[in-house]
Amino acid sequence: MRSYQRVAYVSLAVLAVGLSGCQNYVKKTDYDAAIAQLRSDQQKQQQEIDSLTQQMQQRFAQYDAKIAEMNGRIRIDTVSHFAFNDATLRDQDKPLLDDFAKMVSKNYPQAVVTVEGFTDPSGSASYNMRLGRKRADAVRDYLVNAGMPADQIRAVSYGKAANRQVEKGKSGDEGEANRRVSLVVDFAGTQAQTTETPAPTQPPASPQG
């Protein structure tokens with residue numbers, strides 16, 4: 001079940017209790033109106049997610065990144081790769097991050113983004129969890145410096161989790177695909193309305209005498 005659907009159903013339950021108040025029932029008209037509003041909000045949010053997914057697929061076609069919508073979220077897989085045992089962000093990965101920050105900040109300022117860090121399977125699980133977090137933090141810090149709100153970007157590490165490896169069991173040169181960071185847009189929010197401010201009109205010039 002999609003995440004926003006779960007939120008909608010919980011909201012409906014809370015609303016039903018609130019509408020009942022001191023009464024033992026919820027008026028059908030109030031209940032129907034609440035259902036209609038929740039469905040409308042759900043449909044609108046899905047439209048926002050679909051729109052952002054399409055924009056990113058078009059904008060990021062030039063980069064080596066896979067974009068997919070999953071369970072109401074947008075995943076931009078593999079936005080950065082890292083050298084073995086290193087968490088330094090590469091210069092060639094920065095243009096995509098710049099474009100991502102610009103697009104989301106301008107069009108979806110309410111979006112919540114999760115930065116996911118991964119490693120190859122070399123080393124202990126605890127060490128790789130720390131290394132994955134350093135990689136996620138490096139990308140998160142870059143996005144914040146690029147203008148995204150710090151309180152809307154989270155960093156998490158999956159370390160060398162076997163079920164998240166791109167190249168199963170591969171490390172070293174063969175495991176570069178595993179040493180990566182991905183981005184997940186958890187909530188697209190409402191698309192910002194861009195309006196142009198009309199140029200001020202100039203009063204007619206006074207006749208020169």
Side-chain angles (χ1 to χ4, degrees), residues 1-4 6-7 49 52-53 56-57 59-60 62-106 108-189:
M1 182 181 294
R2 294 174 181 246
S3 57
Y4 61 83
R6 290 197 296 270
V7 173
I49 292 173
L52 181 54
T53 301
M56 287 185 173
Q57 287 172 339
R59 184 72 173 269
F60 301 151
Q62 60 182 308
Y63 303 114
D64 182 21
K66 297 179 181 179
I67 300 172
E69 181 184 333
M70 300 177 62
N71 297 323
R73 298 177 175 184
I74 303 170
R75 175 177 296 281
I76 304 95
D77 204 9
T78 313
V79 297
S80 301
H81 286 106
F82 295 84
F84 183 78
N85 196 30
D86 189 71
T88 303
L89 186 62
R90 304 185 307 180
D91 288 340
Q92 58 262 44
D93 293 327
K94 293 177 181 179
L96 184 151
L97 296 176
D98 288 333
D99 278 350
F100 177 85
K102 186 182 300 183
M103 174 182 290
V104 174
S105 297
K106 179 179 179 181
Y108 297 90
Q110 300 176 36
V112 176
V113 177
T114 300
V115 184
E116 301 178 337
F118 302 90
T119 70
D120 66 32
S122 298
S124 67
S126 59
Y127 180 84
N128 280 303
M129 285 296 290
R130 294 193 296 271
L131 180 57
R133 180 56 189 262
K134 289 179 180 179
R135 290 170 175 170
D137 284 341
V139 171
R140 179 188 180 276
D141 291 345
Y142 188 87
L143 292 175
V144 171
N145 289 332
M148 296 191 69
D151 60 350
Q152 291 176 221
I153 309 179
R154 302 171 292 192
V156 300
S157 174
Y158 289 93
K160 63 174 184 177
N163 64 332
R164 300 297 297 272
Q165 292 176 20
V166 177
E167 297 291 342
K168 302 295 184 182
K170 300 293 185 180
S171 59
D173 292 340
E174 296 180 343
E176 183 184 30
N178 294 324
R179 300 189 297 270
R180 71 196 191 280
V181 162
S182 297
L183 301 175
V184 177
V185 181
D186 294 303
F187 174 61

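As a basis for the values below, the full set of heavy atoms in this structure was taken, side chains included, without hydrogen atoms, waters or symmetry mates. Please read all numbers here as calculations on a predicted model, not as lab measurements.
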Taking all non-hydrogen atoms of both residues, which atom of [X] and which atom of [Y] are closest, and how far apart?
X: Ile76; Y: Val185; result: CD1-CG2, 4.2 Å
X: Arg75; Y: Ser182; result: NH1-CB, 4.2 Å
X: Val113; Y: Asp186; result: C-OD2, 4.4 Å
X: Ala136; Y: Ala155; result: CB-CB, 4.0 Å
X: Met129; Y: Ser157; result: O-OG, 2.8 Å
X: Ser122; Y: Asn128; result: O-ND2, 2.6 Å

Answer yes or no: is there an ion pair linking [X] with [Y], defined by an N-O contact shorter than 4.0 Å?
X: Asp137; Y: Arg140; value: no
X: Glu174; Y: Arg179; value: no
X: Glu116; Y: Arg164; value: yes
X: Arg180; Y: Asp77; value: yes

Could you grab the distance from atom [atom1] of [X] to atom [atom2] of [Y], nearest 0.5 Å is fine?
X: Leu89; Y: Arg135; atom1: CG; atom2: CZ; value: 11.5 Å
X: Lys160; Y: Ser126; atom1: NZ; atom2: OG; value: 9.0 Å
X: Asp98; Y: Met103; atom1: CG; atom2: CE; value: 12.5 Å
X: Leu183; Y: Thr78; atom1: CG; atom2: OG1; value: 10.0 Å

request  = For the pair Val156 and Val115, evaluate side-chain contact (heavy atoms from CB on, under 4.5 Å) and give the outcome as yes or no after the intermediate values.
outcome  = CA-CA 6 Å; Val156 300; Val115 184; over 6 Å; no
message = Quick test of your reading: applying ring-ring contact (aromatic ring centres under 6.0 Å, His included), list the pairs with at least one residue in residues 76-99, sequence neighbours left out, ordered by first then second residue.
response =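 Of all non-adjacent pairs touching residues 76-99, none passes ring-ring contact (aromatic ring centres under 6.0 Å, His included).
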task = Just grab all the ring-ring contact (aromatic ring centres under 6.0 Å, His included) pairs involving residues 122-160, residues at least two apart or on different chains.
result =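 Output for this query lists Phe118-Tyr158.
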query = Does atom NZ of Lys102 have more than 12 heavy-atom neighbours, drawn from other residues, nucleotides or ligands, at distances under 6.0 Å?
reply =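 Count not over threshold, so no.
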key: Any donor-acceptor N/O pair, Thr119 side chain to Gly132 backbone, under 3.5 Å   = no
query = Does any N or O in the side chain of Asn178 come within less than 3.5 Å of the main-chain N or O of Glu167, such that one atom is a donor and the other an acceptor?
reply =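 Confirmed, Asn178 side chain pairs with Glu167 backbone.
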What donor-acceptor contacts under 3.5 angstrom involve side-chain atoms of residues 145-152, with partners at least two apart or in another chain?
residue	atom	partner	partner atom	Å
Asn145	ND2	Asp141	O	3.2
Gln152	NE2	Pro109	O	2.8
Gln152	NE2	Ala111	O	2.8

query = Got Val139 and Leu97 here, is their nearest side-chain heavy-atom distance under 4.5 Å?
reply = yes
ask   = Hey, does Phe100 have a side-chain heavy atom less than 4.5 Å from the side chain of Leu143?
value =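 Contact flag for Leu143/Phe100 side chains = yes.
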